[in-house]
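In what follows, a single structure is set out as structure tokens and then discussed.
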Protein chains: 2
Amino acid sequence: MSKLSTATKRLLLGRPFRSDTLGHTLLPKRIALPVFASDALSSIAYAPEEIFLVLSVAGLSAYAFTPWVGIAVAVVLVIVVASYRQNVRAYPSGGGDYEVATKNLGPIAGLTVGSALLVDYVLILAVSISSAAANIGSAVPFVAQHKVLFAILAIGLLTAMNLRGMREAGTAFAIPTYAFMAAMAIMIVWGFVQIFVLGGDLRAESADFELVAEQTDLTAIAFVFLIARAFSSGCAALTGVEAISTGVPAFRKPKARNAATTLLLLGAVAVPLFLGVVFLAGRIGVVVAEHPATQLKGAPEGYEQKTLVAQLAHTVFAGFPVGFFLVTVATALILLLAANTAFSGFPALASVLAQNRYLPRQLHTRGDKLAFSNGILFLSGVAVVFVWVFDARVTQLIQLYIVGVFVAFTLGQAGMVRHWTRHLAVETDPAERGRMIRARVINGLGLIATTAVLIIVLATKFSGGAWIAVLMILVIFVLMKAIRRHYDSVAAELEAAEWDGVLPSRTHSIVLVSTLHMPTRRALAFARATRPDTLEAITVNVDDANTRQLVRDWDASDITVPLKVVESPYREITRPVLDYVRRVRRDSPRDVVTVFIPEYVVGHWWEQILHNQSALRLKSRLLFQPGVMVTSVPWQLRSSARVPKDRIDTVPGAVRRGLENEAGHRPAKQEEDQ
Amino acid sequence: MSKLSTATKRLLLGRPFRSDTLGHTLLPKRIALPVFASDALSSIAYAPEEIFLVLSVAGLSAYAFTPWVGIAVAVVLVIVVASYRQNVRAYPSGGGDYEVATKNLGPIAGLTVGSALLVDYVLILAVSISSAAANIGSAVPFVAQHKVLFAILAIGLLTAMNLRGMREAGTAFAIPTYAFMAAMAIMIVWGFVQIFVLGGDLRAESADFELVAEQTDLTAIAFVFLIARAFSSGCAALTGVEAISTGVPAFRKPKARNAATTLLLLGAVAVPLFLGVVFLAGRIGVVVAEHPATQLKGAPEGYEQKTLVAQLAHTVFAGFPVGFFLVTVATALILLLAANTAFSGFPALASVLAQNRYLPRQLHTRGDKLAFSNGILFLSGVAVVFVWVFDARVTQLIQLYIVGVFVAFTLGQAGMVRHWTRHLAVETDPAERGRMIRARVINGLGLIATTAVLIIVLATKFSGGAWIAVLMILVIFVLMKAIRRHYDSVAAELEAAEWDGVLPSRTHSIVLVSTLHMPTRRALAFARATRPDTLEAITVNVDDANTRQLVRDWDASDITVPLKVVESPYREITRPVLDYVRRVRRDSPRDVVTVFIPEYVVGHWWEQILHNQSALRLKSRLLFQPGVMVTSVPWQLRSSARVPKDRIDTVPGAVRRGLENEAGHRPAKQEEDQ
């Protein structure tokens with residue numbers, strides 16, 4: 001088993017490295033911004049488009065509302081950014097909303113946030129990749145025709161990279177993120193310059209298409225509902241803002257202040273870009289339809305609808321294709337980057353949850369790359385299913401998305417309000433109180449805003465797919481609760497157990513023997529080295545001939561330990577030994593029995609199938625006997641040499657946890673002394 | 001892992017029993033005959049039909065040859081029976097052809113026989129079940145329309161029964177086998193009586209159909225080839241004769257003589273029944289076509305071709321439907337019985353091969369029901385694939401079949417010839433020499449006959465599907481050789497290893513501690529009970545807070561053992577411990593280090609996922625360290641109580657290995673004292 005796992009690890013994870021010590025690995029703001037902002041900024045690639053898509057259902061006239069919806073989203077974005085600046089100041093430990101909710105609203109709320117975020121990471125991956133596919137598809141028709149395939153391959157690639165412990169240097173984030181910022185900024189500015197300064201008449205290719213409304217003469221309610229849906233889809237732009245609050249420890253001192261400043265920068269970049277895209281798109285008359293096939297009239301034959309960003313770039317940089325491609329590439333890159341954050345966020349969160357015993361413990365020990373890998377495989381597996389089922393259509397996936405984020409947002413903000421209220425109860429210094437009251441107002445606003453969005457999201461998207469996300473959150477929540485309950489009950493059971501403190505009076509050692517070879521001799525030697533009160537060797541008579549041979553060899557040898565033969569009419573090993581040990585225990589209940597089992601240590605997983613099977617079985621059964629110890633005495637076969645010693649692997653998200661340094665890696669010290 | 005397997009066992013294998021001691025479980029001839037003859041006799045249900053089917057290709061005229069082909073098969077059958085009577089006398093140990101070939105022709109030949117028989121068991125299962133489906137289908141049209149489904153369900157049922165350790169009482173064999181003999185005998189006799197005594201004119205329903213030849217005006221060669229193919233298909237009647245030679249130990253004394261007599265009885269029953277069916281079918285003009293849809297003209301609308309046996313019964317017992325149904329039921333039952341023999345033969349053979357280290361060792365220990373189950377699942381899995389791929393058509397499957405049997409036959413007979421020649425070289429007593437020479441002549445005849453058949457089978461069926469069987473035999477052969485080579489190389493490696501015989505000078509014990517709870521205390525107590533020269537406790541600092549807490553508790557407690565804290569910057573457990581142990585070893589290489597690991601013992605497999613994971617990982621890695629022992633100190637959690645102690649389960653084929661008594665089972669003694 002463990003052989004197998006090791007083999008698999010070698011296969012998947014490749015030659016691992018050891019990252020440097022924690023010395024100077026903290027991030028300066030110029031690096032921290034891209035590292036933590038990629039997620040939030042990337043949503044600008046699809047959030048504006050979603051607004052247009054949703055409204056397209058009501059026909060071109062509805063587009064008139066896009067600026068207002070955009071502004072509404074921007075306002076919420078500003079509020080949320082402001083609120084999180086309070087969070088990072090109050091909770092610089094990097095626990096994020098999970099910590100805030102747990103500390104102020106109790107474990108239930110915390111666990112809810114945890115479940116919500118776990119689900120959300122899956123969707124970040126699915127949505128970002130799908131959007132990346134769509135954007136690349138706008139430049140490369142072939143990709144557009146095989147979106148799903150492309151998306152799944154991309155997820156596979158990211159998975160493999162993360163399993164192999166891809167190095168996550170800050171610069172790897174910096175370049176694409178800044179490139180994206182620059183590309184978008186230039187595009188927007190140059191677009192408006194052409195329109196207002198040079199007075200050119202920019203028209204998107206799709207501006208001349210006729211957009212067929214799917215729902216004509218909507219009732220007022222229905223129309224409001226549509227606007228609300230557009231708004232909630234647009235709120236996808238907010239996702240990722242919380243990222244910084246979980247990364248405070250990775251900042252340089254003063255951590256909290258720097259984190260807050262970075263958040264400010266993020267807001268200062270995100271809001272204009274977002275609004276710029278919305279306004280420019282509206283101005284040049286970009287037309288995107290939720291169902292191009294049926295809604296677009298007058299489009300050229302076999303027209304593959306391009307993403308909104310691509311259409312902007314295409315129009316703005318008309319006659320300058322390089323510009324178009326740069327924007328597309330930058331967009332695709334930052335989306336892949338955002339998708340990749342899921343691979344660091346998911347295991348990191350799982351590790352925190354495991355620490356609180358909501359998930360299996362081994363997920364907590366960062367070193368256990370394998371537990372990590374399981375998390376990664378689970379993550380990408382589910383994401384692939386989503387991409388597949390929803391045909392890599394961002395508009396569909398968005399329906400499931402955001403629910404999780406805003407559950408976290410809302411509970412996080414509620415927790416912050418609680419937090420300030422608690423502190424105000426004890427705080428006396430007026431200046432300090434002033435700050436706290438202001439902070440509470442801001443978080444209060446945040447709470448109201450996020451709650452409103454959450455309600456709108458649920459109301460407008462529940463039937464559209466949000467229910468799936470809600471269901472998943474519930475299932476994960478219940479599961480984690482069950483796990484916690486199990487751990488607690490075990491802990492209680494151990495509490496209850498009485499320790500009499502007396503030592504076993506005598507030690508009775510039994511060496512299990514099949515044939516008289518080196519492993520057996522070593523087991524005997526080691527057993528004698530522990531100087532037990534009684535020492536005997538037993539063999540199970542599975543095959544008369546072999547047993548007779550063994551007894552002859554035994555008598556012929558220099559071994560003084562007595563050999564007992566246990567009968568086994570049905571040629572099995574486990575039970576006769578169990579019975580024998582049980583008898584020994586019955587005769588002297590106060591003694592402790594040590595069973596020495598010689599074991600082969602092999603290098604290939606398939607060798608494991610050929611050896612030790614009975615030993616393994618026997619061990620696992622012996623452990624059920626009270627007062628029995630099982631000692632494995634290994635004999636290393638040559639092949640065992642080929643198994644590498646454990647090493648530390650680069651784990652995803654090392655950068656954002658401040659474990660990774662710019663300089664990168666050096667092979668593990670351990671390497672040398674082997 | 002073992003939890004899981006135990007869980008699975010409980011699920012699949014049900015409440016197990018313990019069979020009685022080996023006392024009076026040996027078989028009287030009247031029981032031995034049905035137990036071992038069912039396989040051979042069952043082939044009478046399809047072998048004759050195959051002759052007709054093959055010849056049908058050349059049209060009705062070719063049917064003229066059926067009697068001659070039948071006689072040829074009967075002759076071979078007689079010869080083979082005679083030969084095996086020599087086998088059982090010379091090798092009463094029950095090793096069968098595998099033993100004969102190995103002892104006289106060397107391991108290669110033996111292994112070939114082994115591989116051939118393993119493949120053959122799969123095909124016995126597939127063919128018998130398919131034939132049973134066809135026969136039942138002749139009475140129940142619904143089954144005829146869903147042959148494949150029915151066959152697969154039947155295999156599934158047999159698998160489940162055998163996994164649960166179905167009781168295999170001799171009577172369970174006796175009734176259907178004798179019923180089949182009786183039914184067939186009565187049918188044939190009554191048929192001929194009607195024809196020759198009462199002078200009635202029996203005509204099969206299908207006699208009036210027009211049989212369209214698929215190959216008209218065949219060349220002489222082609223026709224001979226066709227006859228040969230019919231013959232080789234007919235030789236399916238010989239399969240199962242070897243069964244007795246593997247069951248000699250289950251006979252009452254004088255074993256060899258009784259086995260030989262039983263073989264004689266088998267021949268005395270099989271030959272007349274076989275010929276009777278062939279002749280009667282020819283006489284009443286039964287028409288069966290390989291491709292009924294195209295070959296049968298004048299058949300009623302939607303005519304489902306009935307099996308030859310069914311047609312006989314239908315005609316002979318015209319106006320007495322009970323007779324028809326009795327014959328069909330008896331035929332179906334004996335075919336199921338024959339199919340079931342695969343479930344006992346396959347694991348038994350695997351066990352012998354494992355004993356000779358051609359298969360993983362645990363297959364040898366009969367008690368390990370789980371290894372057994374794997375064999376059974378493998379067997380039925382492959383059989384299902386065959387039934388599916390070949391559409392449960394016996395005629396197709398027969399193409400693959402027999403190859404294995406006749407490979408075994410041929411090598412077995414060759415071995416016997418060698419055997420006698422060897423003994424003749426040393427034997428002096430003329431009477432004895434006379435016997436031996438006669439025996440050698442008989443086996444020589446057997447060798448010639450079986451070789452001839454094998455060549456004909458390969459020549460006429462290779463392209464038709466026999467190549468698949470040959471390929472499988474080769475693959476299995478190579479695989480088993482590889483396994484044996486591995487075991488041998490390991491053995492050689494151990495031989496080579498030098499034993500210096502000196503004991504480790506001192507014992508250095510390390511107790512691994514995570515928190516100070518009962519399991520830890522027990523581990524400490526047990527460790528101290530072994531009175532090591534040095535004893536220390538170490539904990540890996542995965543989480544500062546927890547570690548500080550632990551240290552506080554430790555100091556507060558009455559524990560005198562020193563606690564060392566090992567740093568782990570990356571929150572992993574395995575490597576820091578490995579490094580520590582390595583250091584200890586480096587400081588005092590002559591010592592033996594014992595690492596005590598407190599372990600939870602839990603009752604549900606899913607609990608295993610929640611506990612001990614790091615412990616398991618650590619153990620498996622520590623074993624790679626020379627001079628290190630790993631001791632598991634179990635702490636049984638309450639849930640562990642629900643895991644039942646190991647018990648003996650009834651294993652398939654107990655009867656034919658003389659492990660099963662007529663009286664059946666009593667619950668294991670072990671049951672009471674728990």
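Chain letters run A, B, ... following the sequence lines, proteins first, then strands; residues in each count from 1.
- Looking only at side-chain heavy atoms (C-beta outward), B/Gln625 and A/Val601 stay at 4.5 Å or farther from each other.
- Considering only residues two or more places apart in sequence or on other chains, A/Gln355 meets the side-chain contact (heavy atoms from CB on, under 4.5 Å) condition with A/His364, B/Asp543.
- Rounded to the nearest 0.5 Å, atoms CE (B/Met629) and CZ (A/Arg522) are 11.0 Å apart.
- Interface remark: B/Arg357 contributes no atoms to any contact with chain A (heavy atom separation under 4.5 Å).
- Every residue was checked against the salt bridge (charged side-chain N to carboxylate O under 4.0 Å, His left out) condition with B/Arg585, not counting sequence neighbours, and none meets it.
- Proximity to chain A (any heavy atom under 4.5 Å) is shown, for B/Asp591, by neither the backbone nor the side chain.
- Taking NZ from A/Lys619 and NZ from B/Lys619, the interatomic distance works out to 5.0 Å, rounded to the nearest 0.5 Å.
- In terms of heavy-atom pairs under 4.5 Å with chain A, the best-connected choice from B/Ser632, B/Ala523, B/Pro532, B/Pro360 is B/Ser632.
- Distance check: A/Leu637 CG to B/Glu493 CD gives 5.0 Å after rounding to the nearest 0.5 Å.
- For A/Arg528, the CZ atom counts as loosely surrounded, since its 6.0 Å shell holds 12 or fewer non-hydrogen atoms of other residues, nucleotides or ligands.
- The parts of A/Pro626 that come within reach of chain B are both its backbone and its side chain, each placing non-hydrogen atoms under 4.5 angstrom from that chain.
- Only the backbone of B/Val628 has a heavy atom closer than 4.5 Å to any heavy atom of chain A.
- Atoms OG1 and CZ, on B/Thr631 and A/Phe596 in that order, are 6.5 Å from each other to the nearest 0.5 Å.
- Counting heavy-atom pairs under 4.5 Å between each of A/Leu622, A/Ile597, A/Val592 and chain B puts A/Val592 at the top.
- Contact count versus chain B (heavy atoms, under 4.5 Å) is highest, among A/Leu359, A/Val595, A/Asp533, for A/Asp533.
- A/Leu494 has its side chain within reach of B/Tyr600: a pair of non-hydrogen atoms, C-beta onward, lies under 4.5 Å apart.
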